[in-house]
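Single-structure report; data block below.
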2 protein chains.
Amino acid sequence: MSIEKDLFKLKPIAYTTMADQVENHLREYIIKRSIKPGDPIPKETEIAQALGVSRNVVREALSRLRMLGMIESRKKRGMILTQPDVMKGLELIIHPTILDEHVRKQLFELRLVLEVGLGDLLFRRKSEEHLKKLDAIVEREHKATTQIERIRCEVDFHSTLYEMAGNETLKRFQDILMPVFEYVVEYESKLDHTSVGSVTHADLVKILYSNNAEAYPNAMRKHLMPHLDHL
Amino acid sequence: MSIEKDLFKLKPIAYTTMADQVENHLREYIIKRSIKPGDPIPKETEIAQALGVSRNVVREALSRLRMLGMIESRKKRGMILTQPDVMKGLELIIHPTILDEHVRKQLFELRLVLEVGLGDLLFRRKSEEHLKKLDAIVEREHKATTQIERIRCEVDFHSTLYEMAGNETLKRFQDILMPVFEYVVEYESKLDHTSVGSVTHADLVKILYSNNAEAYPNAMRKHLMPHLDHL
DNA sequence: GCTTAATATTAAGTCTTACATATTCACCTA
DNA sequence: TAGGTGAATATGTAAGACTTAATATTAAGC
């Protein structure tokens with residue numbers, strides 16, 4: 001009897017709807033035929049007939065791909081494959097209030113890892129313009145009087161670093177994750193803030209002005225140490 | 001005349017379908033009401049009636065959320081919110097053959113950044129077990145005779161590092177991106193391989209055995225230098 | 001003959017209805 | 001009380017009709 005119950009519990013996992021299957025068929029179709037962005041894909045009715053399902057089901061599958069930015073459709077021209085934004089899917093899921101504490105923490109760790117490792121991209125792609133922008137932020141931070149203003153500078157500083165790295169995908173990744181971090185930052189700001197890292201933003205900028213790429217990772221590690229110690 | 005044509009080109013961008021709107025409504029609904037995983041959401045017919053659209057349109061929107069793992073549905077129990085896998089959306093989009101060269105390169109850079117920054121997680125969470133696993137891989141690599149076997153060791157080594165980091169989200173991120181990297185690795189393997197980084201896998205393991213977290217980032221940088229120089 | 005305007009065609013978007021299927025709940029019998 | 005039977009219910013699937021917008025074709029005008 002208990003075995004039968006266990007089997008029942010397994011059943012829903014293996015369950016796939018027609019829409020799921022059509023979605024997979026379409027993915028395979030695109031890959032196998034190596035269809036490129038701009039190329040047309042078959043009409044809804046053609047797909048429905050070819051796979052022996054209702055147009056309804058096909059539309060559900062197409063709707064999913066369209067949401068991810070994999071296809072676009074025009075009223076008569078039919079549908080075409082598009083170059084998807086790789087981070088689109090992430091953006092669609094991530095919302096701070098839905099994610100649980102555990103995942104939020106893991107994403108924050110991910111951020112720390114990224115910033116320590118960012119050095120080589122920064123030194124290869126830094127520009128006068130970016131460095132001056134960082135200078136301005138440090139200046140603003142010094143003059144800041146309220147906690148809110150300081151946190152804004154904090155966010156601006158680190159966002160500018162990602163911008164400097166000259167990697168759009170990475171920047172986009174950061175932009176998507178930012179709202180999650182803001183929650184953590186708020187949490188951290190309530191903690192003892194005298195234990196701030198011994199390396200300041202100004203110190204980091206100084207290193208970036210130099211050509212000493214070796215110094216960056218450990219400087220950033222020290223800067224982030226208050227956060228790292230919380231792991 | 002040309003102005004009219006330009007306007008035409010802008011038109012489709014603003015276009016949103018009913019399914020898009022319902023999807024957004026549902027997202028808002030979930031957030032505003034702070035619905036938690038396990039909580040039920042309204043029936044398809046209720047949503048359709050409330051928003052004044054057909055059940056068909058509602059199903060398209062729900063289908064999208066279901067694909068992302070945000071909701072699950074049982075035949076009679078209705079639908080419930082689920083804790084989504086944050087990396088699910090990424091997994092659904094990323095396929096090496098669809099991504100263009102430019103994006104693939106950016107993702108590879110992302111990987112390099114991650115591995116250099118990984119140190120602190122590794123030193124905090126390393127275990128005897130993991131270190132021994134790394135030892136075994138280094139051993140295997142020494143004995144390897146074919147290029148294929150060497151590449152497999154390379155992949156195993158770095159995958160084990162992510163495993164050691166003790167961050168499931170990060171590991172999953174790496175697993176999803178791996179197929180993209182394999183393409184790049186294959187490409188790189190055709191290049192001059194005498195210019196391999198001066199720091200070997202064995203050196204990295206030695207550092208991990210020590211408690212010298214400061215040494216890690218620059219060691220990994222040197223190890224990855226052949227790749228970094230290609231940026 | 002060429003351009004312009006009206007019309008037809010096409011494919012996606014939407015709506016309605018109907019039925020299938022699986023799960024829950026309540027009733028009802030042994 | 002246990003267990004089986006059937007009704008109720010919500011999702012899954014199918015089919016047909018209509019709307020809308022973009023393209024293709026034809027017709028009209030010069």
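Here is the naming used below: chain letters follow the sequence lines, and residue numbers restart at 1 for every chain.
Atoms NZ (A:K75) and P (D:dC18) sit 17 Å apart, rounded to a whole Å. When rounded to the nearest whole Å, the span between NZ of A:K76 and C1' of D:dT20 equals 13 Å. For the pair B:E72 CD and D:dA10 C1', the interatomic distance rounds to 16 Å; values are reported in whole Å. Whole-Å rounding puts the A:R74 CZ to C:dG13 P distance at 11 Å. Look at CD on A:Q49: it is 14 Å from P on D:dA14, rounded to the nearest Å. Whole-Å rounding puts the B:L62 CG to D:dT13 P distance at 14 Å. In this structure, B:R66 places its CZ atom 9 Å from P of D:dT13, rounding to the nearest Å. When rounded to the nearest whole Å, the span between CG of A:D20 and P of D:dT11 equals 16 Å.
The residue among B:E44 and B:N56 whose nearest nucleotide of DNA chain D is located toward the 5' end is B:E44. If you find the closest nucleotide of DNA chain D to B:P42 and to A:V53, the one lying nearer the 5' end belongs to B:P42.
Judged by atom type and distance alone, A:R55 reaches the base of C:dG13 through a side-chain donor-acceptor pair under 3.5 Å.
A salt bridge does not link A:R33 to A:D39: none of the charged side-chain nitrogens sits closer than 4.0 Å to a carboxylate oxygen.
Between the side chains of A:H25 and A:Q21, no donor N or O sits under 3.5 Å from an acceptor N or O. With 3.5 Å as the limit, one finds a donor-acceptor pair spanning the side chains of A:T17 and A:D20. Side-chain contact of A:R64 with B:S63: a donor-acceptor pair under 3.5 Å is present, judged by distance alone. Using modelled atom types, one finds no donor on one side chain facing an acceptor on the other under 3.5 Å when comparing B:R55 with B:T45.
Within the structure, every side-chain polar atom (N or O) of A:R59 is placed at least 4.0 Å from both OP1 and OP2 of C:dA11. When the side-chain nitrogen and oxygen atoms of B:S73 are compared with OP1 and OP2 of D:dG12, one or more of them lie within a distance under 4.0 Å. Dashed line: the shortest gap from a side-chain N or O of A:R77 to OP1 or OP2 of C:dA12 is not under 4.0 Å.
Recorded end-axis angle for the helix from C:dG1-D:dC30 to C:dA30-D:dT1 stands at 20°, based on five pairs per end and rounded to 10 degrees.
Shown are A:H130, A:R125, A:E129; of these, the side chain to side chain donor-acceptor pair (under 3.5 Å) with A:S127 is made only by A:H130. Exactly one of B:E141, B:Q147, B:R140 qualifies for a side-chain contact (heavy atoms from CB on, under 4.5 Å) with B:R152. That residue is B:R140.
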